Amino acid sequence: MNKSCAVCETLNPRRAFRCAVCDERLEDGTPASAALPATAEAGAPGGSVLSEASGRKTESRPLGELIGEYPWYGRIVIWPIVVVLLAVLLSLMAVWGVLGWLWRARWVILLLVFSFLVVLSGLAVLWESSVIYERSGVP
Amino acid sequence: MSRSVGGYRITTDFTTAGGGQCRWAFAVRDGDEYFLKEFLAPTYPIPESPGSATTKERKLRKCEKFEEHHQSVTSALAPLSKTGGNLVTTRDFFREGAKYYKVTEKVDVTSLSPRMISREPVERRILVLLTVAHSLEILHRAGLVHGDLKPENILIKETAKGYYAAKLIDFDNAFFSGRPVPPEDMVGDPNYYSPEIFGYFNGGVTGERLTTASDVFALGLVAALFLTGRGAAFESVADAGRYPGELRGAGADCSTGLRRTARADALIQRMLSADPDERPTALQVFDGLKELRTEAKRTGGWPRETESEGPSTGRRLRGKLLEAAAPEPDAPKHAASGASGEGGRLRGSLLRGRDSSSA
Ligand SMILES: Nc1ncnc2c1ncn2[C@@H]1O[C@H](COP(=O)(O)OP(=O)(O)OP(=O)(O)O)[C@@H](O)[C@H]1O
């Protein structure tokens, strides 16, 4: 689905982040007429919180855009996960000392765990930002 | 009122308001609202219609040409048209009985005259133009010339964020770049014709020279109008006629009304070049406008000394200036036949123009 710009109603490609015509940040997949009544009636250029929130609430957004908007550091939900995983990793390293066979497969295991960690952090960012997004409606 | 045409339920009375060659109404189909246009001409010779066999045959030929033209333009536009964009293209084109109908999505128009647009903050005025230039660029990329670009075919709509966007409508006179219809079949508004279109009517210019650059000329006139509220003014030239395209073609100087906004002035002056090859492309216009808008946003308007000049603030042009391309919103449109009186420069059905076509 194309993204319609809330400022100038230009249809932009689905993956576009900024409008090709007015350079405003695009709200994802908002249909051309969706957020209109609230703002138009209120006569408030710049849009109301209500329309902003309703425009975004149900939409998913590209991960890159979310990360750009919600830097993953300092987010309370992510860090516990990262800490727990690091703890698991450290325990594993401790176990390696005891179990010789693990030592031989250490690089494979390390790689697996790190990949898992990266994927999970990514998911956490996505989940957390969408929750925050829904809750506040305003970045 | 509850009449149906081609599966569309008509929800308003048919009106000719704002239309030259048509009657129009709003309609509904499958819960969606549409704008439905009924062409007054040509009419299809159905068996019950009056007229001799020869007349009917002639009418049929005309209809075939009309259909062919519409189908080719519609199919060229089809890949470009998506609901909700700023290019309001044909959704459906059909005949019912003797009449032809065209359907487009309905636009919730804001009644905002060019003069009112020109009172908006500068960056918003430019945004309106940017949306037009963007639509035009899409059209030109597909090799199509709009052929009837004028404020009446630019519908202004208020957007979700309270800005104004321009919706480009009416592709009835569109043609493929370099391949216009014969001069006698050409319709449009002489106020916005480029010099080469006039040349085409005079026989001095071949159809190949009628390209997308003609739209850029018209856009230049629209841009001056939207930015200043008055439009470009042209120096009068003896025996050159009265329309901007004729005057420019005869070498008339022009004032955009933005003399002290050097960059805006330069851009519009180039758009209004007499030679189509010297005009910027729609893409270049778009880029130029974008730069102007960025500047306007940064400075909060034109730089102070560059506010558009008033009629009394001294124009470069001496002699009698013609306020061209800025008819008052309520002023009667130029009778094309009036133009023919001035030297008979316009030929064929240009002379029928928009005025007599409703007959
Ligand atoms: N999609 C639309 N939604 C709402 N109103 C529209 C739409 N298209 C056109 N109109 C209105 O209908 C009027 C007539 O439409 P249009 O310009 O297509 O007719 P026309 O006969 O081709 O006119 P002209 O000869 O002046 O170009 C316009 O002035 C505009 O106000």
Side-chain angles (χ1 to χ4, degrees), chain A residues 1-62 65 69 133-134 136-139, chain B residues 31-33 79-89 105-110 120-121 123-138 141 154-168 282-283 285-298:
Chain A
M1 185 184 167
N2 284 286
K3 283 185 192 173
S4 174
C5 174
V7 170
C8 68
E9 296 203 351
T10 298
L11 287 181
N12 289 273
R14 198 163 48 91
R15 299 206 163 274
F17 178 45
R18 294 209 169 267
C19 174
V21 169
C22 67
D23 289 331
E24 291 296 323
R25 217 197 62 209
L26 291 166
E27 296 167 13
D28 198 36
T30 315
S33 53
L36 246 175
T39 11
E41 276 163 31
S48 65
V49 170
L50 177 69
S51 68
E52 296 239 66
S54 59
R56 289 166 179 165
K57 208 170 175 176
T58 55
E59 307 291 342
S60 65
R61 288 146 51 86
E65 188 182 318
E69 227 166 79
Y133 216 65
E134 278 200 6
S136 70
V138 186
Chain B
D32 291 322
E33 279 198 289
L80 316 174
S81 53
K82 305 226 168 52
T83 311
N86 289 328
L87 205 57
V88 185
T89 55
E105 67 179 279
K106 182 192 169 190
V107 176
D108 293 315
V109 184
T110 310
E120 286 287 302
E123 64 106 352
R124 283 171 174 244
R125 283 180 239 173
I126 300 176
L127 182 60
V128 173
L129 287 174
L130 265 174
T131 49
V132 186
H134 186 249
S135 299
L136 209 58
E137 199 275 318
I138 295 174
R141 229 185 307 143
I154 296 170
L155 302 183
I156 306 295
K157 184 185 171 199
E158 187 171 356
T159 66
K161 297 273 186 178
Y163 283 77
Y164 294 112
K167 307 274 171 182
L168 193 56
L283 183 62
V285 172
F286 177 79
D287 289 342
L289 286 171
K290 225 170 166 183
E291 276 173 32
L292 282 174
R293 182 164 183 257
T294 310
E295 183 98 332
K297 273 173 100 172
R298 199 172 51 78

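Fair warning: this is a prediction, and the values are worked out from it, not measured in the lab. Numbered from 1 within each chain, the chains take letters A, B, ... in sequence-line order.
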B:D287: which residues meet the side chain to side chain donor-acceptor pair (under 3.5 Å) condition with it, sequence neighbours left out? none

With sequence neighbours left out, write down each residue that passes side chain to side chain donor-acceptor pair (under 3.5 Å) with B:R141, or none if nothing qualifies. B:E137

Is the closest side-chain heavy-atom distance between B:N86 and A:V21 below 4.5 Å? no

The single option from B:K167, B:K161, B:E158 passing side-chain contact (heavy atoms from CB on, under 4.5 Å) against A:E9: B:K167

d(B:H134 NE2, A:C22 SG) to nearest 0.5 Å is 10.5 Å

I need the A:T10 OG1 to B:L127 CG distance, nearest 0.5 Å. 7.5 Å

Any side-chain to backbone donor/acceptor pair from B:T159 onto A:C8? Under 3.5 Å, distance only. no

Residue selection (most heavy-atom pairs with chain A, distance under 4.5 Å) from B:T294, B:L289, B:T131: B:T131

